[in-house]
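Notes follow the structure.
Scope of the values below: all heavy atoms of this structure, side chains included, with no hydrogens, waters or symmetry mates. Every value quoted in this text rests on a predicted model; they were computed, and no experiment measured them. Sequential numbering from 1 along the given sequence is applied to the chain's residues.
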Amino acid sequence: MSFVTESERGFAAARETRLRLGLGLEAPLADALQVIEDVAGVPVTVLAMPRGLAGMQGRKHDRSYIFVNAEEPVVRQRFTLAHEFGHVQLGHAGSVDYETDVFGEGRKPPVEVQADAFAAEFLAPVDGVRRWLGAVGEPSDDLVTVVRLADYFHISAEAALYRLQVARHLKKGKFEPIKVRIRENEHSALCKRLGLGEFEDTLSRASGKPPRLPRATVTQAATAYERRLLSV
């Protein structure tokens, strides 16, 4: 009898979800929020939330919903959004997730491990990472590989580093030194030097002008106003 880890559960759920939504198992997401809201049908609200809070998800009237903290860096918002979507797809109970739940490195509850694995595979599927590596070849500096991969899949440098580890690209002993360089912010200067800019999507646009309400909410409100059921 084979044993399935919590990470493997999240990984498998992400792959099944990508296939079900017609996203394939290789390409980056052009707009994660748009996919989750318009294709998967889960409304997403982006608004300023208390410091340290990453996001939350739950169900009301038999419909799932997601909230993401607009105060976080956009690249983190994308991962939080995918993490919360993972909770939904994995059938977890409603949750309020703090930064440590999503980005912490200590011991986590099984549901958080599953959601993290889901988010990583949903945003940057390992098949896509391997295909990308085959196309770009081997840059002289491993950190260059990390920042270019992060730019391609619209994820953070640290998330890209972990994806390279999962894809078994990094040789033993290379992971920790690169992680230290990222924590010392070397990757930011490298991104500027390589001309890798911030990716624009619904989340990045919403972050500048929160709150961002779900499209269905705005449409329903406009319809109610037209029918004189709501005032301005």
Side-chain angles (χ1 to χ4, degrees), residues 6 9-25 28-50 52-72 74 76-99 101-103 108-123 125 154 201-232:
E6 304 301 344
R9 292 180 192 278
F11 177 86
R15 292 172 72 83
E16 186 278 328
T17 300
R18 282 187 66 111
L19 290 174
R20 177 164 44 82
L21 298 180
L23 303 173
L25 296 176
L29 300 181
D31 195 315
L33 190 153
Q34 199 170 64
V35 166
I36 290 170
E37 190 169 84
D38 295 346
V39 182
V42 181
V44 179
T45 301
V46 184
L47 74 168
M49 297 167 74
L53 193 60
M56 61 180 72
Q57 60 82 28
R59 288 183 67 83
K60 189 172 184 180
H61 304 309
D62 293 325
R63 188 174 186 182
S64 298
Y65 62 83
I66 292 173
F67 283 73
V68 175
N69 191 351
E71 299 294 306
E72 289 288 295
V74 176
R76 281 197 161 207
Q77 289 182 43
R78 290 193 193 102
F79 195 88
T80 296
L81 174 60
H83 178 100
E84 301 305 334
F85 184 52
H87 281 309
V88 171
Q89 294 301 301
L90 286 156
H92 297 161
S95 60
V96 176
D97 288 326
Y98 290 85
E99 290 181 11
D101 297 316
V102 183
F103 304 105
K108 296 183 181 183
V111 293
E112 299 303 339
V113 175
Q114 291 176 22
D116 269 353
F118 180 100
E121 181 65 14
F122 188 71
L123 293 175
H154 323 307
D201 60 1
T202 302
L203 266 180
S204 64
R205 291 189 292 270
S207 294
K209 299 177 180 179
R212 183 269 176 194
L213 300 176
R215 196 188 313 279
T217 300
V218 176
T219 301
Q220 290 165 7
T223 301
Y225 172 74
E226 290 172 355
R227 296 177 179 176
R228 298 183 180 181
L229 299 175
L230 284 179
S231 67
V232 173

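Atom OG of residue Ser64 and atom CD of residue Gln89 lie 8.0 Å apart, to the nearest 0.5 angstrom. Rounding to the nearest 0.5 angstrom, the gap separating the CD1 atom in Ile36 from the OG1 atom in Thr17 is 10.0 Å. With rounding to the nearest 0.5 angstrom, the OG1 atom of Thr202 is 10.0 Å from the CG atom of Leu81. Note that the CZ atom of Arg205 and the CG atom of Asp31 stand 6.0 Å from one another [nearest 0.5 Å].
Under the rule for a side-chain hydrogen bond (donor to acceptor under 3.5 Å, both in side chains), the partners of Glu16 that lie at least two apart in sequence or sit in another chain are Arg20. Listed by chain and number, the residues in a side-chain hydrogen bond (donor to acceptor under 3.5 Å, both in side chains) with Arg9 amount to none (sequence neighbours excluded). Applying the side chain to side chain contact (heavy atoms under 4.5 Å, CB included) criterion to Glu112, with sequence neighbours excluded, gives His83, His87, Asp97, Asp101, Lys108, Pro109. Scored by the side chain to side chain contact (heavy atoms under 4.5 Å, CB included) test, Leu47 finds Thr45, Met49, Phe67, Pro211 as partners (sequence neighbours excluded). Shown here are the side chain to side chain contact (heavy atoms under 4.5 Å, CB included) partners of Arg76, two or more places apart in sequence or in another chain: Glu72, Pro73, Glu99, Phe103.
Nearest heavy-atom pair across Arg18 and Gly24 is NE-O, 2.8 Å. A pairwise comparison of heavy atoms in Phe79 and Leu123 identifies CA-CD1, 3.9 Å as the closest pair. For the pair Val102 and Ala54, the tightest heavy-atom approach, listed with the atom from each and the gap, is CG2-CB, 4.0 Å. Considering every non-hydrogen atom in both Ser207 and Val74, the closest pair reads OG-CG2, 3.6 Å. Taking all atoms of both residues into account, the shortest heavy-atom contact from Ala115 to Leu90 is N-CD1, 4.1 Å. Among all heavy-atom pairs drawn from Phe118 and Ala82, the shortest one is CD2-O, 3.6 Å.
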| request: Could you give me the CA-CA distance, side-chain angles and deciding distance for Thr80 and Asn69, then say whether side chain to side chain contact (heavy atoms under 4.5 Å, CB included) is met? | output: CA-CA 9 Å; Thr80 296; Asn69 191 351; over 6 Å; no
| side chain to side chain contact (heavy atoms under 4.5 Å, CB included) assessment of Leu25 paired with Arg15 | CA-CA 7 Å; Leu25 296 176; Arg15 292 172 72 83; 3.4 Å; yes
| query | Run the side chain to side chain contact (heavy atoms under 4.5 Å, CB included) check on Arg212 and Leu33 step by step: do they pass? | reply | CA-CA 11 Å; Arg212 183 269 176 194; Leu33 190 153; 3.5 Å; yes
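No side-chain heavy atom of Phe85 sits less than 4.5 Å from a side-chain heavy atom of Val44.
Identified under the salt bridge (charged side-chain N to carboxylate O under 4.0 Å, His left out) test for residues 77-94, with sequence neighbours left out: Arg78-Glu198, Arg78-Asp201.
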